[in-house]
Structures are given as structure tokens and as C-alpha cells.
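Everything on this sheet refers to the single structure shown next.
Side chains included, hydrogens not; waters and symmetry mates left out as well; all remaining heavy atoms used. No experiment lies behind these values; they were computed from the predicted model shown. Quick note: residue numbers are just sequence positions, from 1.
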Amino acid sequence: MKAHQSLSMAAAWLLATGAYAAESAFQFVGKASDSGSLVYEEHHTVAGTCHRGIWQPDTHSVDYREPDTGRTFATKQLDYQHSPLRPEMTFQQRAFDESLIVKQADDDTLTIRWQTPSGKTEAFNVSFNDSVVVDAGFDNFVRRNWDAVVSGRSVNFRFLGPTRGEHYGFVMEEASTNRTDAAHIVRIRPSGMIARFLVDPIILGYNESGALTDYIGLSNIRKSEDGNYTVHIRYNVTRQPDCKLTP
């Protein structure tokens with residue numbers, strides 16, 4: 001068989017099986033309400049690839065905008081080069097002169113640098129293992145455990161609290177609420193007894209395709225220097241990737 005015929009057959013096989021990585025984009029918008037009032041919007045753009053027919057994120061940018069003016073008041077950049085569960089992150093909320101940077105220093109250490117609204121800078125080195133999830137990596141964590149979501153099984157993991165310089169035990173479990181009619185509803189709550197009294201659970205809604213439809217819980221956006229909004233964010237996909245979101 002000639003070389004060019006072999007190459008053509010190989011290319012055809014890759015296309016047929018989806019074993020190649022093709023660039024794709026995923027875009028969605030979230031509208032955040034606090035006590036029924038719209039307080040901000042999130043505009044998400046995720047660049048990634050379709051690998052073996054499954055979506056894999058590479059980078060993710062978020063613009064937080066005022067709903068009445070469209071002005072961007074905060075931004076977040078995520079890079080999934082090390083893991084879809086533990087993106088490197090740069091978050092800036094200019095109105096409060098606050099920034100938060102999470103980087104992976106090596107195979108088992110995260111570095112955190114937090115400029116607080118008071119002007120103080122705090123830095124942490126945090127060891128981690130494969131059970132640790134960072135920031136928006138929770139969305140990929142849910143989809144990686146999609147069988148558990150649809151079957152109602154619980155999954156334990158650890159979640160990074162970057163401003164505390166530590167990660168904590170959490171569990172993802174089936175839930176129900178009358179606040180959303182999402183196809184699948186899960187709750188993320190602390191697994192430790194003491195933490196349950198200190199941290200309220202987060203409710204997440206997903207559609208049948210594995211796209212996030214609802215987030216109900218504490219926001220990363222400040223309401224004041226003393227605390228953050230508690231919100232219900234309703235998401236709408238504006239651009240679907242060219243492959244499936246879930247395995």
C-alpha cells in the first residue's frame with residue numbers, strides 16, 4: 001500500500017472514531033439574582049477541544065457585568081493546562097481593589113496570592129492530590145461523574161478555599177428543590193460535621209446534555225467589603241461545543 005493511501009486511511013479512521021482533537025468553543029451567559037433582583041451578569045467563553053467526541057476545556061474567561069449598563073466590573077481567567085479539575089486562576093474585582101491568583105507551582109503544590117479589599121496581601125502554599133477541585137473545576141468534576149449524577153450516587157471530593165489557604169472535604173449528592181426545574185439537581189455540601197454548620201450547601205442544576213442551568217448559593221462577587229452576594233444564577237447556552245459535554 002502506498003504511503004499516501006495509508007495516511008488517508010489513518011485520517012479517515014480518526015474522523016470516524018473522533019480520536020483526534022478538534023478545536024471548539026463553548027459560550028454561555030448567567031444572570032444572577034439576589035432576593036429576586038438582578039444584580040449582575042456573567043459572560044463565559046470557554047476555548048477547548050473535542051477529544052474522542054468529548055469536550056475538554058483549555059481556557060475559560062468570565063466577564064462580570066452590570067445588568068443595566070453592561071459595564072464589566074470584574075473578570076476571571078482560568079487555564080486548564082494541568083487539569084480540568086484544577087485550573088490556574090486570576091480573578092479581579094476592581095471596585096474593591098481585590099485580586100486572587102491561584103497557580104500550580106509543581107506536581108503537588110498550589111500557590112495562592114490574595115490582595116484583600118483592605119489592601120493587605122496574603123500568600124499560601126497548599127499541597128494537593130487528585131481529589132482536590134479548584135473554582136470552576138467543579139463544573140468539570142460534575143460532568144466527569146455524570147454516571148453518579150444520573151443514578152443518584154454520592155461522590156466525595158475536596159474543594160479549595162483559596163482565601164483560607166486550605167481545601168476541605170465535600171460531597172456531591174442528589175437533591176431536590178422547587179427553585180429550578182432542571183433535569184438533574186445536585187447539592188454540594190461540606191462532609192465534615194463542624195463545616196456543615198459554617199458553610200451552606202450549593203445547589204446546581206444541569207440539563208440532559210450536561211450544561212449547567214442553575215447555581216444557587218454563595219457568590220464570588222462582593223456585595224460589600226464585609227460579604228458576598230447569595231444568588232440564584234440562571235444560565236443560558238449561547239454556543240454549544242461541537243461534541244458531547246459528558247462521557
Side-chain angles (χ1 to χ4, degrees), residues 6-32 40-65 70 72 74-92 101-104 130 132-151 155 157 159-160 172 180 182-186 188 202 204-215 220 233-247:
S6 298
L7 290 172
S8 297
M9 289 180 66
W13 180 84
L14 288 171
L15 289 169
T17 60
Y20 68 103
E23 292 184 359
S24 186
F26 184 24
Q27 295 176 326
F28 51 100
V29 175
K31 296 189 176 184
Y40 65 86
E41 295 181 355
E42 301 178 356
H43 291 254
H44 296 253
T45 299
V46 190
T49 56
C50 291
H51 183 69
R52 297 186 181 275
I54 303 297
W55 166 252
Q56 305 236 6
D58 292 329
T59 60
H60 183 168
S61 64
V62 189
D63 285 347
Y64 299 87
R65 301 179 186 177
T72 297
T75 60
K76 183 164 65 174
Q77 304 293 327
L78 301 158
D79 189 327
Y80 296 95
Q81 62 176 308
H82 298 292
S83 168
L85 306 185
R86 287 177 298 280
E88 294 190 325
M89 178 186 71
T90 300
F91 173 71
Q92 294 181 312
I101 299 172
V102 179
K103 297 286 186 183
Q104 184 167 325
D130 288 342
V132 175
V133 176
V134 175
D135 198 73
F138 81 84
D139 196 24
N140 299 312
F141 174 81
V142 172
R143 286 196 280 266
R144 280 199 166 189
N145 290 279
W146 195 244
D147 284 347
V149 172
V150 299
S151 65
V155 182
F157 67 102
F159 195 75
L160 179 69
M172 179 186 74
T180 175
H184 302 285
I185 302 171
V186 298
I188 292 179
I202 293 168
L204 305 174
Y206 285 83
N207 65 18
E208 292 287 6
S209 299
L212 182 66
T213 61
D214 298 84
Y215 174 101
N220 62 338
I233 309 175
R234 295 173 174 86
Y235 291 96
N236 179 50
V237 175
T238 55
R239 181 174 178 179
Q240 193 81 16
D242 301 322
C243 52
K244 296 192 334 181
L245 290 170
T246 60

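- The side-chain hydrogen bond (donor to acceptor under 3.5 Å, both in side chains) test with Glu42 is passed by exactly one of Tyr235, Tyr215, Tyr64: Tyr235.
- In this structure the side chain of His43 never reaches within 4.5 angstrom of the side chain of Thr72, judged on heavy atoms.
- Checked by atom type and distance alone, the side chain of Thr213 pairs as donor or acceptor with a backbone atom of Gly205 at under 3.5 Å.
- When atom types are taken as modelled, the side chain of Asp214 and the backbone of Thr180 share no donor-acceptor pair closer than 3.5 angstrom.
- Side-chain contact check for Phe157 versus Ile188: some heavy-atom pair is nearer than 4.5 Å.
- Looking only at distances, a side-chain donor or acceptor of Ser24 sits under 3.5 Å from a matching main-chain atom of Asp242.
- One N or O on the side chain of Glu88 and one on the backbone of Gln104 form a donor-acceptor pair closer than 3.5 Å.
- Here the side chain of Thr45 pairs no donor or acceptor atom with the backbone of Ser61 at under 3.5 angstrom.
- Considering every non-hydrogen atom in both Gln240 and Ser209, the closest pair reads NE2-CB, 4.5 Å.
- Here NE2 of His184 is found 8.0 Å from CG of Asn207. Values are rounded to the nearest 0.5 Å.
- Side-chain atoms of Ser83 come within 3.5 Å of backbone atoms of Leu85 as a donor-acceptor pair (strictly under, hydrogens ignored).
- Distance check: Lys103 NZ to His82 NE2 gives 8.5 Å after rounding to the nearest 0.5 Å.
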